[in-house]
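Worksheet: one structure, shown below.
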There are 2 protein chains.
Amino acid sequence: MPKVGMEPVRRKALVDAALRVIGDHGSLAVTMSDIARQAGVSPALAHHYFGSKEHLLIETIRSLLRQLRSDTVAALKAAQTPRARLSAIIRVNFHADQFAPDTIAAWLAFYAEAQRSEETRRFLVIYARRLRSNLLADLKALLPTDAAERIAEGAAAMIDGLYIRQSLKSAPIGIEASIALTEDYLNALLATTSSSPEGVKAETAAPSSGPAGHLLPQGRRDDHIEPSRDQ
Amino acid sequence: MPKVGMEPVRRKALVDAALRVIGDHGSLAVTMSDIARQAGVSPALAHHYFGSKEHLLIETIRSLLRQLRSDTVAALKAAQTPRARLSAIIRVNFHADQFAPDTIAAWLAFYAEAQRSEETRRFLVIYARRLRSNLLADLKALLPTDAAERIAEGAAAMIDGLYIRQSLKSAPIGIEASIALTEDYLNALLATTSSSPEGVKAETAAPSSGPAGHLLPQGRRDDHIEPSRDQ
DNA sequence: TTTTGTTGATTGATCAGTCAATCAAAAATA
DNA sequence: TATTTTTGATTGACTGATCAATCAACAAAA
């Protein structure tokens, strides 16, 4: 069996195994032995190729992000109008692969890990920015910038929230319902916002401090997905 | 120093210490020694009172939930109209205590833990249901049931999403901005939904499968907060 | 003297990471 | 072509550290 050129094969097998084991176990507290066993190799080999458990985990989250990114690129290519692109972005994030229990569990585990690992956090920040930025780009074609920023933030939050709620399997919101909820949000805010450009009038009971635009961060480095940027 | 009646004091000190250490460390992978040290006692004492690490952790999440619940009860008591109650619910969830970095980190850690621990999951499901149910009760006073259900689900998701995004400290959305975003969502959907009771018309590019109402779970046990129910 | 609170010391298990050794393919040499 | 050498792939066995959990013992109140 020992042939030359095994390295890329093993690396991929180990990363895939890690994702699987993490998703299955629902936590990053899995052993190198578990991962190696799942990949059908010895624990020592995993260390040989990745140096440490942390490195293997980092590679695993990179692969998760890479997958999401390439799905997004593909989906955006197919859509023509800004509105259609918004729908495409939403749909990709709830695509079956992303919504698989294992994948959700893995994302969640990485979110938790981000509290400790600076590097993990960096990757998730890239994801969060990218999602917001992609939404923003198309919203700007439909709305004034400040409204677009607000709605991009809201839609991104709703997507993440539906995702995390799904992880509990408490509110069995399915893929289609999640998509529909997010679409409804967009539709409603596009409607009310374009009809009264000042933002939604807050005849609210609570002091809503008006449109939230001015509270949002500005001039943040744009991480828009028009191809070619880090993996 | 050894006096009688220490038990409740020590229990509270240990639970508080656990929350603190978990939030600080950003993970449940903290040692009993860490917790005990933070509480100023020996690790053996923590075992003495809680039997196991798992029990201590369960008590910790219970305390988190109890706190949120009592805040909610208080906030609801003050609000009069349904619309004001909705704002109160939103505000409580983004109350300063909840939004403290430590607390956010702790919640996130428990979400991850819920993938493995059935008991932890149960508690978080209670939280998720309660949030949705509280929103729903007041929305029903303003909208048809199916629309109310949809919007309750959406608002709950947005709250959770803003929360998790906050955990990354990437999109520095503050408390006020988070509240404003959620209020905007409610305002927009209340506006569009009451004007066209069929739900938001989906002249969407993507097949939004119409209003999501029928996809949402029905007849789920209501966990409404009108006082007296489990802790 | 019984009860309650408290701890130091210890145990047993689990793991990440290391290392020396093995094996087989490929490359170099005769 | 036959051989030796080098190199990459792979593992079993081991180490050192960490930790949850236990227990026997002691101290102060009742």
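Lettering of chains follows the sequences in order, A, B, ..., and the numbering in each one begins at 1. Because the structure is predicted, anything quoted here is derived from the model rather than measured.
- Applying the side chain to side chain contact (heavy atoms under 4.5 Å, CB included) rule to Ala152(A) yields the partners Arg132(A), Leu135(A), Leu136(A), Leu139(A); only residues at least two apart in sequence or on another chain are considered.
- In this pair, Phe94(B) and Tyr163(B) present their aromatic rings tilted. The plane angle is within the 30 to 60° band.
- Residue His47(B) places its side chain closer to dA20(D) than to any other of dT10(D), dA20(D), dT18(C).
- Here Glu176(A) pairs with Arg91(A) in a salt bridge; the nearest charged N to carboxylate O distance falls below 4.0 Å.
- Remark: Arg11(A) CZ is packed, more than 12 non-hydrogen atoms of other residues, nucleotides or ligands lying under 6.0 Å away.
- Going from atom CG of Leu45(A) over to atom P of dT22(C) covers 18 Å, rounded to whole Å.
- With sequence neighbours excluded, the residues satisfying side chain to side chain contact (heavy atoms under 4.5 Å, CB included) with Ile164(A) are Leu108(A), Ser167(A), Tyr111(B), Asp160(B), Ile164(B).
- In terms of position on DNA chain C, the residue among Pro43(B) and Pro8(B) whose nearest nucleotide sits closer to the 5' end is Pro8(B).
- Legend: residues meeting side chain to side chain contact (heavy atoms under 4.5 Å, CB included) with Glu119(B), ordered by chain and number and at least two apart, are Ile58(B), Ser117(B), Arg122(B), Phe123(B).
- Atom pair His48(A):NE2 and dG12(D):C1' shows a separation of 16 Å (rounding to whole Å applied).
- A salt bridge does not link Arg10(B) with Glu7(B): every distance from a Lys NZ or Arg NE/NH1/NH2 to an Asp or Glu carboxylate oxygen is 4.0 Å or more.
- Of the residues in residues 50-57 of chain B, those with a non-hydrogen atom less than 4.0 angstrom from any atom of DNA chain D are Ser52(B), Lys53(B).
- For the side chain to side chain contact (heavy atoms under 4.5 Å, CB included) test, residues two or more places apart in sequence or in another chain that qualify with Asp34(A) are Val21(A), Val30(A), Thr31(A), Arg37(A).
- A sub-4.0 Å separation between OP1 or OP2 of dA9(D) and a side-chain N or O of Tyr49(A) is present.
- If you check dT10(D), dC19(C), dT7(C) against the side chain of Arg10(A), the one that comes closest is dT10(D).
- Near DNA chain D, meaning a heavy atom under 4.0 Å away, the residues from residues 21-42 of chain A are Val41(A), Ser42(A).
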